[in-house]
Amino acid sequence: MPAITLPDGSVRDFAAPLTGTALAAAIGPGLARAALAMKLDGKLVDLARDIDHDAAVTFVTRKDPEALELIRHDTAHVLAEAVQALFPGTQVTIGPSIENGFYYDFARNEPFTLEDLPTIEAKMREIVAANELFSREVWDRDDAIHFFQERGERYKAELIQDLPVSETITLYRQGDWIDLCRGPHMRGTADVGTGFKLTKVAGAYWRGDHRNAMLSRIYGTAWRDQKELDAYLHQQEEAERRDHRRIGREMDLFHLQSEAQGSVFWHPKGWRLYRTVEDYIRRRQNAAGYDEVRTPQLVDRSLWEASGHWEKFRHHMFIATVEEEPDVTLALKPMNCPCHVQIFNHGMRSYRELPLRMAEFGSCHRYEPSGALHGIMRVRAFTQDDAHIFCTEEQIGPETVRFVKLLSSIYQDLGFPDFRVKFADRPDVRAGSDADWDRAERALHEACATAGVAYTENPGEGAFYGPKLEFVLRDAIGRDWQCGTLQVDYVLPERLDAEYVGEDGARHRPVMLHRAILGSFERFLGILIEQYAGRFPLWLAPVQVVVASIVSDANDYAEDVAKRFRAAGLSVTTDLRNEKINAKVREHSLAHVPVIAVVGRREAEERRVSLRRLGVERQEVLGLEETVTLLASEARAPDLL
RNA sequence: GCCGACAUAGCUCAGGGGUAGAGCAACUGAUUCGUAAUCAGUAGGUCCUCGGUUCAAUUCCGAGUGUCGGCACCA
């Protein structure tokens, strides 16, 4: 006879097994109304499940974090029912809850379009209003397979076939509609509520494999109520406003055009931003003991064959030939590493030179599939803040520690204090022996331990030549971006025959650590633009100050002020147009200029300036020389403070 | 690469089988003004490209290209 422990520690004894619904009712009518599901000994299950043994039970109500997942999953089921009601012959496949919502993949000859969504959504609301109750049924495996095959649901049949034999096959019924599902579900479709919306349609491969059929996916978002939904939709609009493509255009930073697909045209302001970041990274790396180099763009095929890129990477490389030399095949470098090894190999290296940290702002080209291109974030021509550390196996640990320290400090300076680390180990397709991989993975694990780096596993995602650490930034609106990387490579030094003379006078292979902090400048600048929504801190802002005159009598003085600012190293423009100061302030505020220096007759007479900071209405009037000193110091890069 | 949507002025967008429309921006003139839009005027277009249907296509149809949203890809 079940003795049930509740979250407050109290224990209730019951004479016979009872359902969660009954238990909730026994506790109180308020709970009976609010309970959507329960946690039975920590496992989330339907309220209708029997509790037949001594157990700990916690009820899940709408307020609980688990509720969102239940709501989203149930909404996906409602979507599937609606679609099958409206479009007979459509097969169902899978429909999980995801971050912020859910999706459902359907198999249908004619894919769904955006125009179908309002109809489907209306049907969904009918189903929700009807409050069809969810009921769970345990089926015999073969019966279930047979059942779905009979109904022409071959994807569902395939899913069951692939389930382990030990798995209990459960089907959930809601009204007349039935689906294979692990559960749990809420009480009925009314529990979904009204806070959902279908958002987009997309193609998606069955089981995520591009060799399989393409299914028609419908995405939706679902929340506890209309208010939460509205808040989410509002947040989406905010994210759109920060889109780097929009801000890039509005702030005149860069553009893209089809004649150079996947390559960025940097405009003066964008290039200033780019150089600010590049100069900063260069200073940091110089200070951290890196030597900067520059290597060729076009390199003969033979080097790529030797490095292994020709075999593994050729389809992502741009190949160049000249008519005059038909036997020569060159390729634009997709990575810098083989070239760096050429510099390492030039002359005899001694163990005394290790660790040798070779950095390059390496301009690379990779052929990316057209569908992968995205603004300046995913391009075909990009520049890495790349470096290779040639070292001994013993030096992997200390070098990892140094690198992680440098990287965290740089992320901090650039406005990303929050990042995490993933450990990516050997992929299926790889170069090098298993023994090499064992050594490399072990070395990196040990290095993490030494560096005190906590990481999560990312199995099978290593580079083809070695395992890697991936450094993932968290941005201002909670999105993750993998930027930094540290890869241990025993393979390339071997393939390209890199050697140094050891203490013992014999020749040894160095280990190579491939590492980047930003990854690609193009992508990182895209992230940076979205992080700050174009409102950069003073040191990064492409235009730091606009000197705006109020009357034309103050124009000469405004020019003077700008000249003084410029001499102090600030990026300044003047606005002497015949416009009202209101208009000027508005325009430059919309353009995210951090400081507007307003000068009128008064300032000109007194050699002062009125400073207005972006987003701040209050002004401060200061002497010119004082202002120059103040702004110059505020605009200093964090490493120069 | 795959599925879908979209492509009209510098930008945001409307329109529609028969001289192409707005707002903002640009340009010209007037205005000299104190911290988020001064007024008036002018100019601006291969309606993505190529083909088809039609007396007539920017509009309808087809193909291509590009962009966007996903999927796959990101070594």
Side-chain angles (χ1 to χ4, degrees), chain A residues 103 105-106 108 110-117 199-219 240 243 245-246 249-250 252 255-259 261-262 308-309 311-317 334-335 337 366-375 377-380 382 424 427-431 460-466 468 470 482 485 487 514 519-520 523 548-555 576-591 596-603 610-621:
Chain A
Y103 67 77
D105 284 346
F106 299 98
R108 183 170 180 249
E110 188 86 348
F112 293 106
T113 72
L114 236 34
E115 279 133 49
D116 297 323
L117 296 189
T199 50
K200 54 195 171 192
V201 292
Y205 298 106
W206 169 235
R207 298 194 151 171
D209 189 327
H210 68 278
R211 289 164 302 194
N212 290 341
M214 179 151 282
L215 307 172
S216 185
R217 175 174 296 181
I218 297 178
Y219 280 96
E240 242 173 77
D243 191 308
R245 292 164 296 190
R246 169 200 284 258
R249 188 171 52 234
E250 286 171 354
D252 195 18
H255 85 269
L256 296 149
Q257 66 186 53
S258 54
E259 286 83 352
Q261 219 186 336
H309 287 85
E311 186 199 348
K312 299 266 196 266
F313 208 79
R314 185 175 6 140
H315 298 292
H316 300 271
M317 290 165 69
M335 297 179 192
C337 20
R366 293 183 193 174
Y367 174 77
E368 299 284 356
S370 58
L373 299 175
H374 176 83
M377 302 260 218
R378 187 82 182 269
V379 285
R380 289 176 175 167
F382 57 95
D428 293 339
V429 181
R430 57 180 181 262
E461 293 296 318
F464 74 78
Y465 46 74
K468 61 183 180 184
E470 299 170 335
Q482 197 228 298
T485 183
Q487 309 172 0
H514 305 243
S520 117
R523 179 158 174 277
S549 57
I550 295 174
V551 290
S552 50
D553 286 353
N555 284 358
L576 311 181
R577 290 172 309 158
N578 181 7
E579 282 291 350
K580 291 195 167 183
I581 194 62
N582 285 299
K584 294 186 184 184
V585 166
R586 178 169 193 273
E587 268 178 49
H588 302 304
S589 298
L590 289 174
I596 304 174
V598 176
V599 296
R601 274 198 198 93
R602 238 165 24 229
E603 285 78 8
S610 167
L611 289 189
R612 181 186 168 122
R613 313 270 176 164
L614 181 57
V616 181
E617 278 182 48
R618 186 180 47 79
Q619 302 122 37
E620 42 182 346
V621 182

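Atom set for the values below is all heavy atoms of this structure, side chains included, hydrogens, waters and symmetry mates excluded. Note that the structure is a prediction, hence the values are computed from the model and not measured.
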Query - B:A57 to B:G51 separation - P atoms, rounded to the nearest Å - result: 12 Å

Requested in this report: Could you check which nucleotide pairs with B:A30 in any of the strands shown, counting Watson-Crick or G-U wobble with both distances under 3.5 Å?
Outcome: B:U38

**Report entry** Span that lies between the C1' atom of B:C47 and that of B:C6, in whole angstrom
**Finding:** 14 Å

Requested in this report: Please measure how far the P atom in B:G70 lies from the corresponding atom in B:G17, and state the result in whole Å.
Outcome: 34 Å

Query - Nearest-Å distance for atom pair CD/P, residues A:Q257 and B:U65 - result: 18 Å

Requested in this report: Treat primed atoms plus P, OP1 and OP2 as sugar-phosphate and everything else as base, then score nucleotides 33-40 of chain B 5' to 3': B for base contact with protein heavy atoms under 4.0 Å, S for sugar-phosphate contact only, - for none.
Outcome: BBBBBB--

Report summary line: In whole angstroms, the gap separating C1' of B:G4 from CZ of A:R108 amounts to 13 Å

Requested in this report: Scan A:G375 against the nucleic acid and name what it touches under 4.0 Å (heavy atoms): base, sugar-phosphate only, or nothing.
Outcome: sugar-phosphate

Report summary line: Heavy-atom closest pair (A:I581 atom, A:A548 atom, distance to 0.1 Å) is CD1-CB, 4.1 Å

Report summary line: Checking N1-N3 plus N6-O4 or O6-N4 for Watson-Crick, or N1-O2 and O6-N3 for wobble, each under 3.5 Å, the partner of B:C11 is B:G23

Query raised in the report: C1' atom, B:A9 versus B:G44: distance in rounded Å?
Result: 6 Å

Query raised in the report: Can you tell if the side chain of A:R366 reaches within under 4.5 Å of the side chain of A:F382, non-hydrogen atoms only?
Result: yes

Query raised in the report: Expressed in angstrom and rounded to an integer, what is the separation of A:I218 atom CD1 from B:A5 atom P?
Result: 14 Å

Report summary line: Any strand, both distances under 3.5 Å, Watson-Crick or G-U wobble: B:C71 pairs with B:G1

Query raised in the report: How would you label the glycosidic angle of B:U19: syn (within 90° of 0) or anti?
Result: syn

Query raised in the report: Is the shortest side-chain N/O distance from A:S370 to OP1 or OP2 of B:G1 below 4.0 Å?
Result: yes

**Report entry** Non-hydrogen atoms of A:V599 and A:A554 that approach each other most closely
**Finding:** O-CB, 3.7 Å

**Report entry** A:E617 and A:R612: CA distance, side-chain angles, deciding distance, side-chain contact (heavy atoms from CB on, under 4.5 Å) verdict
**Finding:** CA-CA 7 Å; A:E617 278 182 48; A:R612 181 186 168 122; 3.8 Å; yes

Requested in this report: Give a yes or no answer on whether the side chain of A:E311 reaches the backbone of A:G308 with a donor-acceptor pair at less than 3.5 Å.
Outcome: no

Requested in this report: Give a yes or no on whether the backbone of A:T113 and the side-chain of A:D116 come within a donor-acceptor separation of less than 3.5 Å.
Outcome: yes

Query raised in the report: For B:C48, which nucleotide in any strand shown is its Watson-Crick or wobble partner with both distances under 3.5 Å?
Result: B:G64

Query raised in the report: With respect to A:I596, which candidate in A:R613, A:Q619, A:H588 satisfies the side-chain contact (heavy atoms from CB on, under 4.5 Å) definition?
Result: A:H588

**Report entry** Distance, C1' atom - from B:U12 to B:A75, rounded to whole angstrom
**Finding:** 40 Å

Report task. Could you check which nucleotide pairs with B:G18 in any of the strands shown, counting Watson-Crick or G-U wobble with both distances under 3.5 Å? Result -> B:C55

Query raised in the report: Just by modelled atom types, is the A:V598 backbone N or O under 3.5 Å from a matching donor or acceptor in the A:K584 side chain?
Result: no

Query raised in the report: If you draw a 6.0 Å radius around CD in A:Q257, do more than 12 non-hydrogen atoms from other residues or ligands fall strictly inside?
Result: yes

Query - Pairwise P distance for B:A63 and B:C27, with rounding to whole Å - result: 44 Å

Query raised in the report: For B:U65, does OP1 or OP2 lie under 4.0 Å from any side-chain N or O of A:Q261?
Result: no

Report summary line: Its contact letters, B for base, S for sugar-phosphate only and - for none at protein heavy atoms under 4.0 Å, make nucleotides 69-75 of chain B read BBBBBBB

Query raised in the report: Considering only the C1' atoms, how many Å lie between B:A25 and B:C11, rounded to the nearest integer?
Result: 7 Å

Report summary line: A:M317 and A:P334 have their tightest heavy-atom pair at CG-CG, 3.6 Å

Requested in this report: Send over the distance from A:F112 CZ to B:C2 P, rounded to a whole Å.
Outcome: 22 Å

Query - A:R249 CZ - B:U67 P separation (whole Å) - result: 14 Å

Report task. Give one of base, sugar-phosphate or nothing for A:S258, where a contact means two heavy atoms less than 4.0 Å apart. Result -> sugar-phosphate

**Report entry** Ion pair A:D209/A:R207, N-O distance below 4.0 Å
**Finding:** no

Query raised in the report: Can you check the A:H255 NE2 to B:G66 P distance for me, whole Å?
Result: 16 Å

Query - Same-atom distance (C1') from B:U59 to B:C2, integer angstrom - result: 30 Å

Report task. Return the value, rounded to whole Å, for the distance between atom CZ of A:R246 and atom C1' of B:C24. Result -> 14 Å

